[in-house]
Visitor: 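Pasting a structure here, questions to come.
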Amino acid sequence: MDLNTVKELSHLVESDSVRSWQAGDSWLAGGTWLFSEPQPDISKLTDLKGFNWPSLTASAEGLEIGATCAISELHDFIAPHDWIAAPLLKECCRSLLASSKSWNGDNTSAALPAGAMISLTAALEGVCTLWPRHGSPREIPVIDFITGNHQSALAPGELLRSIWIPASALRKYYTLRRFSLTASGRSSVLLVGTLCPDSGRMVLTITAATVKPVQLIFPELPSAKAVHMAINEQVPFDHQFEDPQGSPMHRRHLTYHYAEKILQELAMI
Ligand SMILES: Cc1cc2nc3c(=O)[nH]c(=O)nc-3n(C[C@H](O)[C@H](O)[C@H](O)COP(=O)(O)OP(=O)(O)OC[C@H]3O[C@@H](n4cnc5c(N)ncnc54)[C@H](O)[C@@H]3O)c2cc1C
(Lines give C-alpha, C1' and ligand atoms only; values in the text may rest on other atoms or scores of the structure.)
Protein backbone atom coordinates (compact mmCIF):
# COMPACT_ATOMS: atom_id res chain seq x y z
CA MET A 1 0.00 0.00 0.00
CA ASP A 2 1.40 3.44 -0.95
CA LEU A 3 1.15 5.75 2.04
CA ASN A 4 0.97 8.98 0.05
CA THR A 5 0.60 11.25 3.08
CA VAL A 6 3.89 10.10 4.62
CA LYS A 7 6.59 12.71 3.99
CA GLU A 8 9.30 11.40 6.30
CA LEU A 9 10.65 8.03 7.40
CA SER A 10 13.04 8.28 10.31
CA HIS A 11 15.37 5.46 11.34
CA LEU A 12 17.12 7.64 13.87
CA VAL A 13 15.62 7.33 17.30
CA GLU A 14 16.87 9.74 19.93
CA SER A 15 16.46 9.35 23.66
CA ASP A 16 13.87 12.15 23.71
CA SER A 17 11.91 10.82 20.69
CA VAL A 18 8.88 10.16 22.85
CA ARG A 19 8.80 13.72 24.18
CA SER A 20 9.26 15.25 20.71
CA TRP A 21 6.47 13.12 19.16
CA GLN A 22 3.83 15.29 17.41
CA ALA A 23 0.40 14.80 15.87
CA GLY A 24 0.92 13.12 12.47
CA ASP A 25 3.85 11.03 13.78
CA SER A 26 3.55 7.27 14.09
CA TRP A 27 5.83 4.58 15.49
CA LEU A 28 6.74 1.93 12.93
CA ALA A 29 7.34 -1.65 14.08
CA GLY A 30 6.99 -4.43 11.47
CA GLY A 31 4.67 -2.30 9.30
CA THR A 32 2.27 -5.18 8.55
CA TRP A 33 -0.76 -3.26 9.74
CA LEU A 34 0.52 0.27 8.92
CA PHE A 35 1.23 -0.67 5.30
CA SER A 36 -1.96 -2.68 4.88
CA GLU A 37 -4.44 0.19 4.73
CA PRO A 38 -4.56 3.96 3.99
CA GLN A 39 -3.14 6.13 6.79
CA PRO A 40 -4.40 9.64 5.95
CA ASP A 41 -3.50 11.03 9.40
CA ILE A 42 0.16 9.97 9.30
CA SER A 43 2.90 12.19 7.88
CA LYS A 44 5.99 10.77 9.61
CA LEU A 45 7.02 7.23 10.52
CA THR A 46 9.72 6.55 13.09
CA ASP A 47 11.22 3.07 12.89
CA LEU A 48 11.48 1.59 16.37
CA LYS A 49 14.42 -0.61 15.36
CA GLY A 50 16.58 2.48 15.91
CA PHE A 51 16.20 2.03 19.67
CA ASN A 52 18.16 -1.26 19.49
CA TRP A 53 16.20 -2.70 22.39
CA PRO A 54 17.19 -6.23 23.43
CA SER A 55 14.59 -8.72 22.20
CA LEU A 56 14.59 -11.21 25.07
CA THR A 57 16.19 -10.92 28.50
CA ALA A 58 15.76 -13.95 30.75
CA SER A 59 16.61 -14.03 34.46
CA ALA A 60 15.62 -16.05 37.52
CA GLU A 61 12.73 -13.59 38.01
CA GLY A 62 11.23 -13.89 34.54
CA LEU A 63 11.42 -12.92 30.88
CA GLU A 64 11.49 -9.40 29.49
CA ILE A 65 10.23 -9.21 25.90
CA GLY A 66 11.32 -6.04 24.11
CA ALA A 67 8.54 -4.41 22.08
CA THR A 68 10.59 -4.87 18.89
CA CYS A 69 11.18 -8.60 19.49
CA ALA A 70 10.38 -10.57 16.34
CA ILE A 71 7.90 -13.40 16.64
CA SER A 72 10.57 -15.72 15.18
CA GLU A 73 12.92 -14.86 18.08
CA LEU A 74 10.22 -15.68 20.61
CA HIS A 75 9.50 -18.91 18.77
CA ASP A 76 13.17 -19.97 18.94
CA PHE A 77 13.73 -18.95 22.59
CA ILE A 78 15.23 -21.76 24.70
CA ALA A 79 13.79 -21.51 28.20
CA PRO A 80 15.12 -22.85 31.52
CA HIS A 81 13.86 -26.40 32.10
CA ASP A 82 11.58 -25.45 35.02
CA TRP A 83 9.61 -22.96 32.90
CA ILE A 84 7.08 -25.65 32.03
CA ALA A 85 4.76 -23.12 30.38
CA ALA A 86 7.47 -22.09 27.89
CA PRO A 87 6.11 -24.28 25.02
CA LEU A 88 3.16 -21.88 25.01
CA LEU A 89 5.51 -19.36 23.39
CA LYS A 90 5.87 -21.56 20.31
CA GLU A 91 2.19 -22.51 20.27
CA CYS A 92 1.08 -18.87 20.26
CA CYS A 93 3.71 -17.91 17.65
CA ARG A 94 2.05 -20.48 15.39
CA SER A 95 -1.46 -19.24 16.21
CA LEU A 96 -1.66 -16.46 13.69
CA LEU A 97 -1.92 -16.00 9.99
CA ALA A 98 1.78 -15.43 9.52
CA SER A 99 3.60 -14.37 6.41
CA SER A 100 7.38 -14.06 6.66
CA LYS A 101 6.67 -10.35 7.12
CA SER A 102 4.30 -10.63 10.04
CA TRP A 103 6.75 -13.01 11.74
CA ASN A 104 8.87 -9.94 12.21
CA GLY A 105 6.03 -7.79 13.48
CA ASP A 106 4.95 -6.66 16.86
CA ASN A 107 1.46 -7.78 17.65
CA THR A 108 0.45 -6.28 20.95
CA SER A 109 0.22 -2.52 20.27
CA ALA A 110 -2.11 -3.10 17.31
CA ALA A 111 -4.59 -4.55 19.85
CA LEU A 112 -6.39 -6.83 17.40
CA PRO A 113 -8.62 -9.53 18.90
CA ALA A 114 -6.71 -12.22 16.96
CA GLY A 115 -3.36 -10.98 18.26
CA ALA A 116 -1.66 -14.19 19.36
CA MET A 117 1.01 -12.32 21.30
CA ILE A 118 -1.80 -10.75 23.29
CA SER A 119 -3.16 -14.23 24.06
CA LEU A 120 0.31 -15.37 25.11
CA THR A 121 1.27 -12.45 27.30
CA ALA A 122 -2.18 -12.05 28.88
CA ALA A 123 -2.30 -15.77 29.78
CA LEU A 124 1.20 -15.59 31.29
CA GLU A 125 0.23 -12.62 33.45
CA GLY A 126 2.40 -10.19 31.47
CA VAL A 127 2.90 -6.59 32.52
CA CYS A 128 3.57 -3.87 29.94
CA THR A 129 6.04 -1.07 30.51
CA LEU A 130 4.93 2.08 28.72
CA TRP A 131 6.93 5.20 28.03
CA PRO A 132 4.56 8.17 28.20
CA ARG A 133 5.36 11.40 26.38
CA HIS A 134 5.65 13.18 29.71
CA GLY A 135 6.61 11.68 33.05
CA SER A 136 8.09 8.41 34.22
CA PRO A 137 7.53 4.97 32.66
CA ARG A 138 4.33 3.29 33.82
CA GLU A 139 3.27 -0.32 34.12
CA ILE A 140 -0.03 -1.93 33.21
CA PRO A 141 -1.05 -5.62 33.06
CA VAL A 142 -1.56 -6.88 29.49
CA ILE A 143 -5.12 -7.86 30.42
CA ASP A 144 -5.88 -4.15 31.05
CA PHE A 145 -3.63 -2.81 28.28
CA ILE A 146 -6.00 -4.05 25.59
CA THR A 147 -9.25 -2.12 25.97
CA GLY A 148 -11.15 -3.12 22.81
CA ASN A 149 -10.92 -4.06 19.14
CA HIS A 150 -7.86 -2.13 17.94
CA GLN A 151 -7.91 -0.09 21.14
CA SER A 152 -5.31 0.00 23.87
CA ALA A 153 -4.34 2.01 26.91
CA LEU A 154 -1.62 3.78 24.88
CA ALA A 155 -2.02 7.55 24.91
CA PRO A 156 -1.12 9.36 21.64
CA GLY A 157 2.64 9.06 21.10
CA GLU A 158 3.11 6.76 24.09
CA LEU A 159 5.44 3.81 23.47
CA LEU A 160 5.15 0.20 24.51
CA ARG A 161 8.72 -0.54 25.63
CA SER A 162 8.49 -4.14 26.83
CA ILE A 163 6.39 -6.88 28.37
CA TRP A 164 7.50 -8.61 31.55
CA ILE A 165 6.52 -12.26 32.11
CA PRO A 166 7.08 -13.38 35.72
CA ALA A 167 8.87 -16.71 36.22
CA SER A 168 6.04 -17.74 38.57
CA ALA A 169 3.66 -17.75 35.56
CA LEU A 170 6.18 -19.62 33.41
CA ARG A 171 6.32 -22.37 36.06
CA LYS A 172 2.60 -23.13 35.72
CA TYR A 173 0.92 -25.99 33.89
CA TYR A 174 -0.95 -24.78 30.86
CA THR A 175 -3.18 -25.94 28.06
CA LEU A 176 -4.40 -24.16 24.92
CA ARG A 177 -7.42 -24.59 22.66
CA ARG A 178 -7.85 -22.67 19.44
CA PHE A 179 -10.21 -22.51 16.49
CA SER A 180 -9.31 -21.11 13.10
CA LEU A 181 -11.07 -21.52 9.77
CA THR A 182 -7.82 -22.79 8.23
CA ALA A 183 -4.97 -24.75 9.83
CA SER A 184 -2.56 -21.81 10.04
CA GLY A 185 -5.10 -19.02 9.82
CA ARG A 186 -6.19 -16.17 12.02
CA SER A 187 -7.65 -17.34 15.34
CA SER A 188 -11.37 -16.89 15.92
CA VAL A 189 -11.22 -18.39 19.41
CA LEU A 190 -8.10 -18.87 21.53
CA LEU A 191 -8.32 -19.98 25.16
CA VAL A 192 -5.45 -20.70 27.53
CA GLY A 193 -5.83 -22.26 30.95
CA THR A 194 -3.03 -22.22 33.52
CA LEU A 195 -2.79 -24.07 36.80
CA CYS A 196 -0.42 -23.12 39.62
CA PRO A 197 1.28 -26.30 40.92
CA ASP A 198 1.66 -24.74 44.39
CA SER A 199 -1.67 -23.03 45.07
CA GLY A 200 -3.96 -24.92 42.66
CA ARG A 201 -5.23 -21.58 41.34
CA MET A 202 -6.59 -21.79 37.79
CA VAL A 203 -6.62 -18.88 35.36
CA LEU A 204 -8.63 -19.07 32.14
CA THR A 205 -7.77 -16.45 29.52
CA ILE A 206 -10.24 -15.94 26.67
CA THR A 207 -8.98 -14.18 23.55
CA ALA A 208 -9.87 -13.84 19.84
CA ALA A 209 -13.49 -14.74 20.65
CA THR A 210 -13.94 -11.44 22.46
CA VAL A 211 -13.18 -7.84 21.52
CA LYS A 212 -10.63 -7.73 24.35
CA PRO A 213 -9.00 -10.43 26.48
CA VAL A 214 -10.98 -11.66 29.46
CA GLN A 215 -9.45 -13.52 32.39
CA LEU A 216 -11.41 -15.73 34.75
CA ILE A 217 -9.66 -16.59 38.02
CA PHE A 218 -10.56 -19.56 40.21
CA PRO A 219 -8.82 -20.15 43.58
CA GLU A 220 -8.93 -23.90 42.85
CA LEU A 221 -10.02 -26.13 39.96
CA PRO A 222 -13.71 -25.26 39.48
CA SER A 223 -16.55 -27.50 38.34
CA ALA A 224 -17.64 -27.32 34.69
CA LYS A 225 -20.83 -25.63 35.86
CA ALA A 226 -18.87 -22.96 37.76
CA VAL A 227 -16.80 -22.20 34.64
CA HIS A 228 -19.95 -21.96 32.53
CA MET A 229 -21.49 -19.57 35.05
CA ALA A 230 -18.32 -17.46 35.26
CA ILE A 231 -18.36 -17.07 31.47
CA ASN A 232 -22.01 -15.99 31.60
CA GLU A 233 -21.30 -13.48 34.35
CA GLN A 234 -17.95 -12.05 33.22
CA VAL A 235 -18.17 -12.24 29.43
CA PRO A 236 -21.22 -10.22 28.34
CA PHE A 237 -22.55 -11.48 25.02
CA ASP A 238 -21.94 -8.08 23.38
CA HIS A 239 -18.20 -8.61 24.10
CA GLN A 240 -18.16 -11.52 21.60
CA PHE A 241 -16.27 -10.45 18.49
CA GLU A 242 -17.81 -10.64 15.02
CA ASP A 243 -15.89 -10.79 11.75
CA PRO A 244 -15.71 -13.12 8.70
CA GLN A 245 -13.88 -15.67 10.91
CA GLY A 246 -16.96 -16.32 13.02
CA SER A 247 -20.26 -15.07 14.42
CA PRO A 248 -20.64 -14.10 18.11
CA MET A 249 -22.84 -17.20 18.64
CA HIS A 250 -20.23 -19.53 17.10
CA ARG A 251 -17.48 -17.98 19.23
CA ARG A 252 -19.59 -18.21 22.38
CA HIS A 253 -20.35 -21.86 21.74
CA LEU A 254 -16.65 -22.69 21.27
CA THR A 255 -15.73 -20.69 24.36
CA TYR A 256 -17.95 -22.93 26.53
CA HIS A 257 -16.69 -26.05 24.73
CA TYR A 258 -12.98 -25.25 24.97
CA ALA A 259 -13.25 -24.04 28.57
CA GLU A 260 -14.64 -27.45 29.48
CA LYS A 261 -11.88 -29.28 27.56
CA ILE A 262 -9.21 -27.16 29.26
CA LEU A 263 -10.72 -27.89 32.65
CA GLN A 264 -10.76 -31.64 31.93
CA GLU A 265 -7.12 -31.57 30.82
CA LEU A 266 -5.89 -29.56 33.81
CA ALA A 267 -7.82 -31.84 36.15
CA MET A 268 -5.81 -34.82 34.87
CA ILE A 269 -2.44 -33.28 35.81
C1 LIG B 1 -0.33 -11.80 6.08
C2 LIG B 1 -0.80 -11.14 7.36
C3 LIG B 1 -1.33 -11.94 8.36
C4 LIG B 1 -1.79 -11.38 9.56
N5 LIG B 1 -2.30 -12.19 10.52
C6 LIG B 1 -2.73 -11.68 11.69
C7 LIG B 1 -3.27 -12.52 12.71
O8 LIG B 1 -3.38 -13.73 12.56
N9 LIG B 1 -3.64 -11.92 13.87
C10 LIG B 1 -3.52 -10.57 14.06
O11 LIG B 1 -3.88 -10.07 15.12
N12 LIG B 1 -3.04 -9.77 13.10
C13 LIG B 1 -2.65 -10.27 11.93
N14 LIG B 1 -2.17 -9.45 10.97
C15 LIG B 1 -2.13 -8.01 11.18
C16 LIG B 1 -0.75 -7.51 11.68
O17 LIG B 1 0.25 -8.46 11.54
C18 LIG B 1 -0.88 -7.16 13.13
O19 LIG B 1 -1.70 -6.04 13.22
C20 LIG B 1 0.48 -6.86 13.82
O21 LIG B 1 0.20 -6.61 15.18
C22 LIG B 1 1.15 -5.67 13.28
O23 LIG B 1 2.44 -5.68 13.81
P24 LIG B 1 3.56 -4.74 13.17
O25 LIG B 1 4.79 -4.84 14.00
O26 LIG B 1 3.72 -5.03 11.73
O27 LIG B 1 2.92 -3.32 13.50
P28 LIG B 1 2.90 -2.00 12.67
O29 LIG B 1 2.04 -2.15 11.46
O30 LIG B 1 4.30 -1.48 12.46
O31 LIG B 1 2.20 -1.08 13.78
C32 LIG B 1 0.86 -1.32 14.15
C33 LIG B 1 0.40 -0.15 15.06
O34 LIG B 1 1.02 -0.26 16.34
C35 LIG B 1 1.80 0.91 16.62
N36 LIG B 1 2.98 0.44 17.33
C37 LIG B 1 3.82 -0.56 16.91
N38 LIG B 1 4.75 -0.79 17.86
C39 LIG B 1 4.49 0.07 18.88
C40 LIG B 1 5.09 0.29 20.15
N41 LIG B 1 6.15 -0.41 20.58
N42 LIG B 1 4.55 1.25 20.95
C43 LIG B 1 3.48 1.96 20.55
N44 LIG B 1 2.86 1.78 19.36
C45 LIG B 1 3.36 0.86 18.55
C46 LIG B 1 2.09 1.55 15.27
O47 LIG B 1 2.30 2.93 15.39
C48 LIG B 1 0.78 1.23 14.52
O49 LIG B 1 -0.23 2.12 14.90
C50 LIG B 1 -1.70 -9.98 9.76
C51 LIG B 1 -1.17 -9.18 8.74
C52 LIG B 1 -0.71 -9.74 7.57
C53 LIG B 1 -0.15 -8.86 6.50
Side-chain angles (χ1 to χ4, degrees), residues 1 3 6 9-11 13 17-18 21-55 64-74 91-122 128-133 137-138 140 142 145-146 148-163 178-190 207-213 241 243-246:
M1 168 80 57
L3 299 184
V6 175
L9 171 62
S10 170
H11 295 284
V13 182
S17 293
V18 185
W21 189 95
Q22 303 176 25
D25 289 4
S26 177
W27 305 114
L28 169 67
T32 37
W33 177 77
L34 278 172
F35 298 151
S36 70
E37 49 186 86
Q39 306 289 354
D41 300 328
I42 298 178
S43 52
K44 179 183 170 190
L45 292 171
T46 301
D47 192 341
L48 294 176
K49 287 189 195 75
F51 274 115
N52 290 316
W53 291 328
S55 293
E64 186 182 58
I65 306 172
T68 46
C69 176
I71 294 176
S72 53
E73 293 175 275
L74 203 53
E91 283 197 57
C92 286
C93 289
R94 294 198 194 106
S95 294
L96 68 158
L97 176 62
S99 66
S100 56
K101 194 161 182 294
S102 56
W103 266 64
N104 290 311
D106 163 83
N107 210 288
T108 310
S109 311
L112 297 176
M117 297 303 106
I118 295 169
S119 312
L120 171 71
T121 53
C128 303
T129 295
L130 310 183
W131 283 2
R133 283 172 66 198
R138 63 180 182 122
I140 181 168
V142 174
F145 176 67
I146 309 297
N149 177 20
H150 208 38
Q151 289 168 4
S152 73
L154 283 170
E158 192 170 31
L159 254 187
L160 171 65
R161 165 64 186 85
S162 60
I163 300 179
R178 176 174 101 95
F179 182 83
S180 168
L181 288 178
T182 56
S184 49
R186 187 167 297 189
S187 304
S188 47
V189 181
L190 199 161
T207 54
T210 44
V211 288
K212 65 182 285 299
F241 188 49
D243 72 355
Q245 266 75 39

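As the structure lists them, so they are numbered: ligands from 1, and atoms in each ligand from 1. Note that these values count all heavy atoms, side chains included, but never hydrogens, waters or copies made by symmetry.
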Visitor: Which bit of Thr108 is near ligand 1, meaning a heavy atom under 4.0 Å away: side chain, backbone, both or neither?
Guide: neither
Visitor: Go through ligand 1 atom by atom and flag the ones less than 4.0 Å from a non-hydrogen atom of Ser26.
Guide: 47 (O)
Visitor: Would you say Trp27 has any N or O atom under 3.5 Å from an N or O of ligand 1, going by distance alone?
Guide: yes
Visitor: Does some non-hydrogen atom of Ser36 fall short of 4.0 Å from ligand 1?
Guide: no
Visitor: Counting each atom of ligand 1 from 1 as listed, which ones have a heavy atom of Leu96 under 4.0 Å away?
Guide: 7 (C), 8 (O)
Visitor: For ligand 1, is any non-hydrogen atom under 4.0 Å from Arg161's backbone (N, CA, C, O), its side chain (CB onward), both, or neither?
Guide: neither
Visitor: Tell me whether Arg178 is salt-bridged to Glu91, with the criterion being a basic N under 4.0 Å from an acidic carboxylate O.
Guide: no
Visitor: Counting from 1, what ligand 1 atoms have a heavy atom of Gly115 closer than 4.0 Å?
Guide: 11 (O)
Visitor: Ignoring angles and geometry beyond distance, decide whether Trp33 reaches within less than 3.5 Å of ligand 1 through its nitrogen or oxygen atoms.
Guide: yes
Visitor: Regarding ligand 1, does Glu158 bring an N or O atom to under 3.5 Å of one of the ligand's N or O atoms?
Guide: no
Visitor: Is the shortest N/O to N/O distance between Leu48 and ligand 1 below 3.5 Å?
Guide: no
Visitor: With under 30° as parallel and over 60° as perpendicular, where do the rings of Phe51 and Trp27 fit, or are they tilted in between?
Guide: tilted
Visitor: Hey, are the side chains of Asn149 and Leu112 touching, using non-hydrogen atoms and a 4.5 Å cut-off?
Guide: yes
Visitor: Can a donor-acceptor pair be found, under 3.5 Å and without considering hydrogens, that links the side chain of Thr129 to the backbone of Arg161?
Guide: no
Visitor: So which heavy atom on Met117 is nearest to which on Thr108, and how close?
Guide: CB-OG1, 3.9 Å
Visitor: Which of these, Leu45, Leu112, Ile42, has its nearest heavy atom closest to atom 12 (N) of ligand 1?
Guide: Leu112
Visitor: With nothing but distance in play, are any N or O atoms of Leu28 less than 3.5 Å from an N or O of ligand 1?
Guide: no
Visitor: Which option wins on minimum heavy-atom distance to atom 35 (C) of ligand 1: Ala67, Gly185, Ser109?
Guide: Ser109
Visitor: With side chains defined as the heavy atoms from C-beta onward, is the minimum distance between Phe35 and Leu45 less than 4.5 Å?
Guide: yes
Visitor: Please work out whether any backbone atom (N, CA, C, O) or any side-chain heavy atom from C-beta onward of Thr68 is under 4.0 Å from ligand 1, and answer side chain, backbone, both or neither.
Guide: neither
Visitor: Minimum heavy-atom separation for Ile118 and Val142, please, with both atom names.
Guide: O-CG1, 4.2 Å
Visitor: For atom 13 (C) of ligand 1, which of the options Gln245, His150, Arg186 provides the nearest non-hydrogen atom?
Guide: Arg186
Visitor: Considering the heavy atoms of Gly31, write down every atom of ligand 1 situated less than 4.0 Å from one of them.
Guide: 24 (P), 26 (O), 27 (O), 28 (P), 29 (O), 30 (O)
Visitor: Have a look at Leu154, Thr32, Leu159 and point out the one with the heavy atom closest to atom 22 (C) of ligand 1.
Guide: Thr32
Visitor: Judged by atom type as modelled, is there a donor-acceptor pair below 3.5 Å linking the side chain of Arg138 to the main-chain atoms of Pro132?
Guide: no
Visitor: Quick check: closest heavy atoms across Trp53 and Ala67, and the distance to 0.1 Å?
Guide: CZ3-CB, 3.9 Å
Visitor: Any side-chain heavy-atom pair from Gln39 and Trp33 closer than 4.5 angstrom?
Guide: yes
